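Worksheet for the structure shown next.
Here is the naming used below: chain letters follow the sequence lines, and residue numbers restart at 1 for every chain. Since we're looking at a predicted model, the values are computed, not measured. Basis for what follows: all heavy atoms, side chains included, without hydrogens, waters or symmetry-related copies.
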Amino acid sequence: MSILNFFARNRSAPVARERLQLLLAHERTLTSRSDLIALLQREVLAVIAKHIAIDQDKVIVKLDQRAQVSTLEIDIEMPEGAVIQN
Amino acid sequence: MAKVMVVTSGKGGVGKTTSCASLGAALAQAGRNVVVVDFDVGLRNLDLVMGAERRVVFDLVNVVQGDAKLPQALIRDKRIETLCLLPASQTRDKDALTEEGVGRVIDELREKFDWIVCDSPAGIDKGATMAMRFADLAVVVANPEVSSVRDSDRIIGLLDSKTRRAECGEKMEKHLLLTRHDAARAARGEMMKVEDVLDVLAIPLLGTISESPDVLTASNLGCPITLHNPTSAAARAYTAAARKLLGEAVPVAAQDKRGFMSRLFGKRATVQ
């Protein structure tokens with residue numbers, strides 16, 4: 001083991017601290033709206049379902065949080081020849 | 001004016017019950033009238049840590065439901081006259097605690113005691129929210145470990161939203177008690193430092209309890225460490241924390257600052 005390795009070994013505490021800071025910054029904004037994803041999914045689907053027949057099981061809602069940007073991804077599989085209802 | 005203090009953490013096994021017993025005893029040793037209340041319905045342990053497990057007749061649930069009068073359920077400590085325990089029920093579940101009933105018991109306790117120290121169960125469900133519901137201040141117990149710190153942050157969020165005080169728009173006083181800390185490992189970067197946890201959680205530090213075999217010895221014997229071994233580092237830290245809660249200006253010992261030799265030998269001792 002080199003002398004450099006000896007000193008760099010097992011300094012995991014700074015990693016723990018950084019991971020927590022990143023995670024908690026997001027969780028703090030989210031916990032007050034813990035039902036946000038379910039709510040968004042319900043409301044967005046209600047709007048789309050007005051116009052297109054969609055299968056509720058073929059909808060994927062994802063919320064991805066990064067340090068700078070968060071993305072909301074709603075993936076709706078359109079059925080073959082989706083019928084416009086009105 | 002009585003103070004209601006909840007000792008809480010979110011995560012289990014971080015030292016809530018031990019800290020509740022030790023802080024309660026330390027406050028009583030400082031001459032205050034103290035009751036420690038176990039809110040962990042179904043999994044009571046404060047009686048055991050206080051050494052009163054064979055004296056439990058009635059419990060919190062009995063009093064909440066009106067089956068027993070408060071004085072019948074209170075167990076007076078045999079070592080300190082100004083310390084009492086209100087045990088939790090071992091056979092019921094958390095749904096037995098109603099907000100109205102708990103509020104009534106807390107009001108009655110406020111008339112009899114200076115300090116009402118509520119030992120919260122782990123988790124964030126009804127037992128934990130009932131324990132914090134009527135609190136004036138909170139001690140958040142955390143270990144310098146990622147899951148404990150994350151859960152503490154969640155509990156801090158609940159303290160700021162689900163308590164009576166928060167709902168009335170009043171400020172909830174919160175203090176961090178860092179337990180199972182190891183200054184030697186923190187100095188080597190293997191464990192988060194006190195400052196790291198403080199930075200993340202952003203609440204003031206009440207004290208640091210270093211990992212110590214004395215703490216286990218005290219709970220083995222059913223005697224709060226401030227009584228059993230008052231000169232131990234853990235007991236002194238709990239006593240200092242209690243004095244701080246009483247409003248005395250107590251400097252928090254800088255646990256991470258160790259001498260060169262102790263750091264050297266601390267490191268040597270654990271190199272494998």
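- We find the CD-CG distance between A:Glu18 and B:Asp196 to be 10.5 Å, quoted to the nearest 0.5 Å.
- A distance of 7.5 Å separates CG in A:Leu24 from CZ in B:Arg150, rounded to the nearest 0.5 Å.
- Between B:Met192 and A:Ala13, the shortest heavy-atom contact is N-CB, 3.6 Å.
- With a 4.5 Å cut-off on side-chain heavy atoms, A:Arg17 and B:Val197 do not count as touching.
- Taking OG of A:Ser12 as the reference point, atom CZ of B:Arg185 lies at 7.5 Å (rounded to 0.5 Å).
- Closest non-hydrogen pair, B:Gly189 versus A:Pro14, comes out as O-CD, 4.0 Å.
- Taking CG of B:Asp153 as the reference point, atom CD of A:Glu27 lies at 7.5 Å (rounded to 0.5 Å).
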